[in-house]
Amino acid sequence: LKELRENSARQAAAVASCALCKCSENCPDKYGEKITLKSQELTVHYFCLLMSSGVYQRGEENEGIYGFLVDDIKQEVRRSSRLKCAVCKKNGASVGCYVKSCQKKVHFPCGKQHQFIFQFTDLFPSYCKDHSPTQSLPVSACVSEPMSCSVCLDPIEPVLSYSVLKCPACHGSWFHRDCVQNQAHSAGMFFFRCTLCNNKDMFQQEMLRMGVHIPERDAAWELEENAYGELLQVYQHCDAKKCLSHNGRTYSSRTGWFQILRCALCGSRGTHRKCGSLKLDETNWACEDCAGAVDGTASLPRHTESPQPAGQRRSRSSKRTLTLTPRQSSIVCKRYSTLLEILQELASQTSQHQLSMPVVVNGNKVLEAAMELVKRSDFNPSHALAVRFTSNKHSSSPDTCPGNTRHFLRLLVQQLQDTVFEGPDGAKTLTLDARALREDVYFDVGCLLSLSLVHGGPPLGFFSRALYLCLFNFPRDTPLTVEDMGNTGFTDKVKKIQESKSLEELREAMESASEYLEVAGCTRPVESLSDKDTLVKDIVSFHLITRMQLPVQRFCEGLKTLGVFDQVQMFPGAFVGLFCSSHDKLTADTMAALFTVQFSDQEETVEKETAVVTFWRHYLLECEVGRCATSLEDVLIFATSADVVPAVGFSPSPSLSFLHPLDPAGAFPVSQPSSNRLLLPVVSSYQAFKKHMEYAVCQLTVLQSI
């Protein structure tokens, strides 16, 4: 019985292993499909079969294994069993070099490990390392050496070899063999092409010549079942704050009041005509996010928003009507251009004065230094800021430059958010603070925010929509809601009033909030459940407007510094993103476009500097995807002392220049934040460039954190 079990185990192992290469691994990408004929007790890898030198397809496609007859395969197994592999020295080498004078024979897996090239075309020839086809650059090609694989973007050695291939059409796309093979398996014959120049025919022919297997099938993503099923569905949901349809938010009639209209700009929001207070014949509608891009024009009718349903959170994507015009895209562009022009006009007030206001910052106590500045008797917001940082751990630096000013304003905006504001990050409102009122902190904070915007500070981006509405009445005719009150202890009591289902429940909710209602002047008898809507509206108005009247007034007076408040009142739609929206995350493309490259006059150095520009762009890309010790923000801080583009823009525009050091080992980049200038060292390799960039940028980051 024991011998019988051992024989069964040996037979099972033999069936599981490829009869040609004796390998049991099942990896279709490397060895092709592993095919087993149980009736014949025969298992082979498809690629081992294709590349074997002594077997040919003599049958039809449905005979044997894709036309390879079983008797022929067994004959090939017997033939190769007498041949020794040049790599592993074991018998069974079925693949021989196609050059007749070469006697090297290998197993297919052994050949892959030792740089055999297998051509999956014509007669399926194989070539050993000594006789394999190679690639070379044309003599007349003016192509800079690549720094990264165009598929995986990892660094690549710019030497053509078995492991490194290039595109024959553009000569600029280089890649690892494994990377382009993975791309071929994913894209298939119909989509496999150069990632840089998009050439298909010449590219595929060359890759086949160099031993890349291209499956004769559609792309893998096209074969996935229902991969694009969601594209066949349109958005079908009413997003109004109160849906009036008895059949639910997803119901849409063919016509009439309860037909769902989708946003004509983004298509990802919808509303019933009835729920959106639209006319029966209206077909054009846009959600609030899209309508905000063109708000303020004469062609934007609005409707009165539906009352907020009990207990439902007010969404920032609440809807209003919009009659679309052909000018909508040009208006968007004009609005952003106008904002920059307004801020630059305000900033021109400071450039006319040669005097400067000295600001001494001890460590990171930026807020204390700023408060002392605005309380000085000789404070003049039109004068330039001469900022100097000192530290108990480091000697005082006498340097004052625009770079210091931007660093100061960047920290100032961060620290101001913890003064007279409350609420979550990115949606803060003013808080009521008796001490801040007594010391007039609201005015000082408003003054400092205006000062920051005009003197080159970052966009604010932390105001809530409710605060912006209270300050500038924008968007107009937009009611405040309970949710705009924030997460205060009293908010829950107001919500209970709003969510009351009966008159008795309403009176009980009012009783539990009687103290606040008395302070707010909202104590009143209620005769019907509908009275709660007016009551809630009065409570919200008191909480956000009446009780905050003096803080808001002083804050607005501070914002009038340098004329900022007046300009925002004139163009509230243009400024809303500056105050309420977080800035866009930096990308490698935006960073590269931000810096103007200034090459040397000598022609012999321009070629080297061009290579450094390639290093620079690749370094930015690695920073973006997290493959560097530094971030894009760190690099921008190093060059300009700003982690985002200032609201007023950079002046002068950031630029790149080059250093030609005698000793490449000490070739570190140099930043000149006062002129927004970055000097890059001219080195011969990307690895050296990256190492020196990371060292310089990280050193500054560490020093600023101390």
Side-chain angles (χ1 to χ4, degrees), residues 241-242 304-316 318 417-443 445-446 462-475 477-556 580:
K241 288 191 294 185
K242 182 176 182 180
T304 303
E305 293 181 341
S306 307
Q308 184 175 351
Q312 182 176 338
R313 183 175 180 84
R314 179 178 184 265
S315 171
R316 288 189 178 184
S318 55
Q417 298 182 40
D418 298 323
T419 53
V420 294
F421 300 98
E422 62 180 359
D425 293 339
K428 293 186 177 293
T429 59
L430 286 175
T431 184
L432 184 59
D433 188 325
R435 181 178 178 181
L437 271 175
R438 185 171 61 253
E439 297 177 0
D440 208 13
V441 176
Y442 292 95
F443 175 88
V445 171
F462 64 85
F463 280 33
S464 68
R465 299 281 173 166
L467 176 57
Y468 196 82
L469 177 63
C470 293
L471 295 175
F472 307 111
N473 190 28
F474 181 87
D477 303 327
T478 301
L480 295 167
T481 67
V482 176
E483 301 301 328
D484 293 327
M485 295 172 60
N487 295 322
T488 63
F490 182 68
T491 305
D492 293 336
K493 296 182 178 180
V494 180
K495 286 183 177 180
K496 289 183 179 179
I497 295 175
Q498 187 181 46
E499 297 169 358
S500 299
K501 304 296 184 182
S502 63
L503 185 60
E504 182 179 357
E505 189 177 341
L506 174 60
R507 288 171 176 167
E508 290 179 358
M510 291 178 62
E511 180 64 27
S512 65
S514 57
E515 293 182 4
Y516 192 87
L517 292 179
E518 184 175 354
V519 172
C522 296
T523 303
R524 66 189 68 168
V526 290
E527 303 299 332
S528 65
L529 188 61
S530 61
D531 292 342
K532 70 176 183 179
D533 294 332
T534 304
L535 177 61
V536 170
K537 182 178 179 180
D538 291 344
I539 295 173
V540 172
S541 177
F542 169 80
H543 187 86
L544 295 175
I545 299 177
T546 306
R547 78 183 185 101
M548 296 298 297
Q549 186 172 359
L550 185 55
V552 169
Q553 179 183 348
R554 293 304 297 158
F555 185 69
C556 291
C580 301

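Quick note: numbers below take in every heavy atom, side chains included, and nothing from hydrogens, waters or symmetry partners.
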Peer 1: Which pair of heavy atoms, one from Ala513 and one from Ile497, lies closest together, and at what distance?
Peer 2: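 Result for this residue pair: CB-CD1, 4.5 Å.
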Peer 1: Within the structure provided, determine whether Val494 and Tyr516 are in side-chain contact (heavy-atom separation under 4.5 Å).
Peer 2: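 Counting from C-beta outward, Val494 and Tyr516 never come under 4.5 Å.
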Peer 1: From Thr481 OG1 over to Lys241 NZ, what is the distance, rounded to the nearest 0.5 angstrom?
Peer 2: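 So the gap between those two atoms works out to 6.5 Å.
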Peer 1: Closer than 3.5 angstrom, by distance alone: can the side chain of Thr534 be matched with the main-chain N or O of Asp531 as a donor-acceptor pair?
Peer 2: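 No, because the side chain of Thr534 does not come within donor-acceptor range (under 3.5 Å) of the backbone of Asp531.
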Peer 1: Could you check whether any side-chain N or O of Arg554 sits under 3.5 Å from a backbone N or O of Val441, counting only pairs where one atom can act as donor and the other as acceptor?
Peer 2: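 Side chain of Arg554 to backbone of Val441, a donor-acceptor pair under 3.5 Å: no, none is there.
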Peer 1: As a quick check of understanding, evaluate side-chain contact (heavy atoms from CB on, under 4.5 Å) for Arg438 and Arg435, giving each step before the final call.
Peer 2: CA-CA 5 Å; Arg438 185 171 61 253; Arg435 181 178 178 181; 3.5 Å; yes
Peer 1: What class does the angle between the rings of Phe555 and Phe421 fall in, given that below 30° is parallel, 30 to 60° is tilted and above 60° is perpendicular?
Peer 2: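 Aromatic pair Phe555/Phe421 classed perpendicular.
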Peer 1: Would you call Arg524-Asp538 a salt bridge at under 4.0 Å N-O?
Peer 2: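 Here Arg524 pairs with Asp538 in a salt bridge, since their nearest N and O are under 4.0 Å apart.
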Peer 1: Could you please spell out the steps behind the side-chain contact (heavy atoms from CB on, under 4.5 Å) verdict for Met510 and Leu517?
Peer 2: CA-CA 8 Å; Met510 291 178 62; Leu517 292 179; 4.0 Å; yes
Peer 1: Given the rule in the side-chain contact (heavy atoms from CB on, under 4.5 Å) test, do Leu503 and Arg507 qualify, once you have shown the distances and angles that lead to the verdict?
Peer 2: CA-CA 6 Å; Leu503 185 60; Arg507 288 171 176 167; 3.6 Å; yes
Peer 1: So which atom in Ser464 and which in Cys580 form the shortest heavy-atom distance, rounded to 0.1 Å?
Peer 2: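 So the minimum-distance heavy-atom pair works out to O-SG, 3.9 Å.
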Peer 1: If I take atom SG from residue Cys522 and atom NZ from residue Lys537, how far apart are they, to the nearest 0.5 angstrom?
Peer 2: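 Between Cys522 SG and Lys537 NZ, I get 12.5 Å after rounding to 0.5 Å.
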Peer 1: Could you measure the distance from the OG1 atom of Thr523 to the CG atom of Leu535? Nearest 0.5 Å is fine.
Peer 2: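 Rounded to the nearest 0.5 Å, the OG1-CG separation comes to 9.0 Å.
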Peer 1: Enter the distance from Arg547:CZ to Leu432:CG here, rounded to the nearest 0.5 Å.
Peer 2: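 Going from the CZ atom of Arg547 to the CG atom of Leu432 covers 5.0 Å.
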Peer 1: Please report the interatomic distance NE2(His543) to CG(Leu480), rounded to the nearest 0.5 Å.
Peer 2: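 The CG atom of Leu480 is 11.0 Å from NE2 of His543, to the nearest 0.5 Å.
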Peer 1: Above 12 or not: heavy atoms from other molecules or residues under 6.0 Å from CD of Glu515?
Peer 2: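 Atom CD in Glu515 is not crowded, with 12 or fewer foreign heavy atoms closer than 6.0 Å.
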Peer 1: Quick check against the 3.5 Å criterion: does Tyr442 have a side-chain atom that pairs as donor or acceptor with the backbone of Asp433?
Peer 2: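 Flag set: sc Tyr442 to bb Asp433 pair under 3.5 Å.
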Peer 1: Checking side-chain contact (heavy atoms from CB on, under 4.5 Å) between Val552 and each of Ile545, Leu467, Leu471, which is the one that passes?
Peer 2: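 The side-chain contact (heavy atoms from CB on, under 4.5 Å) with Val552 is passed solely by Leu471 among Ile545, Leu467, Leu471.
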Peer 1: Under the criterion side-chain contact (heavy atoms from CB on, under 4.5 Å), I'd like the reasoning laid out for Ile539 against Val482: C-alpha separation, chi angles, the key distance, then a yes or no.
Peer 2: CA-CA 9 Å; Ile539 295 173; Val482 176; over 6 Å; no
Peer 1: Look only at the side chain of Thr431 and the backbone of Val420, and say whether a donor-acceptor pair between them is shorter than 3.5 Å.
Peer 2: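 Checked: no pair found.
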Peer 1: Quick check: does any side chain N or O of Lys532 sit under 3.5 Å from a backbone N or O of Leu506, one acting as donor and the other as acceptor?
Peer 2: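 A pair under 3.5 Å: no.
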Peer 1: Once rounded to the nearest 0.5 Å, what's the spacing between atom CD of Glu422 and atom OG1 of Thr429?
Peer 2: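 Glu422 CD to Thr429 OG1: 4.5 Å, rounded to 0.5 Å.
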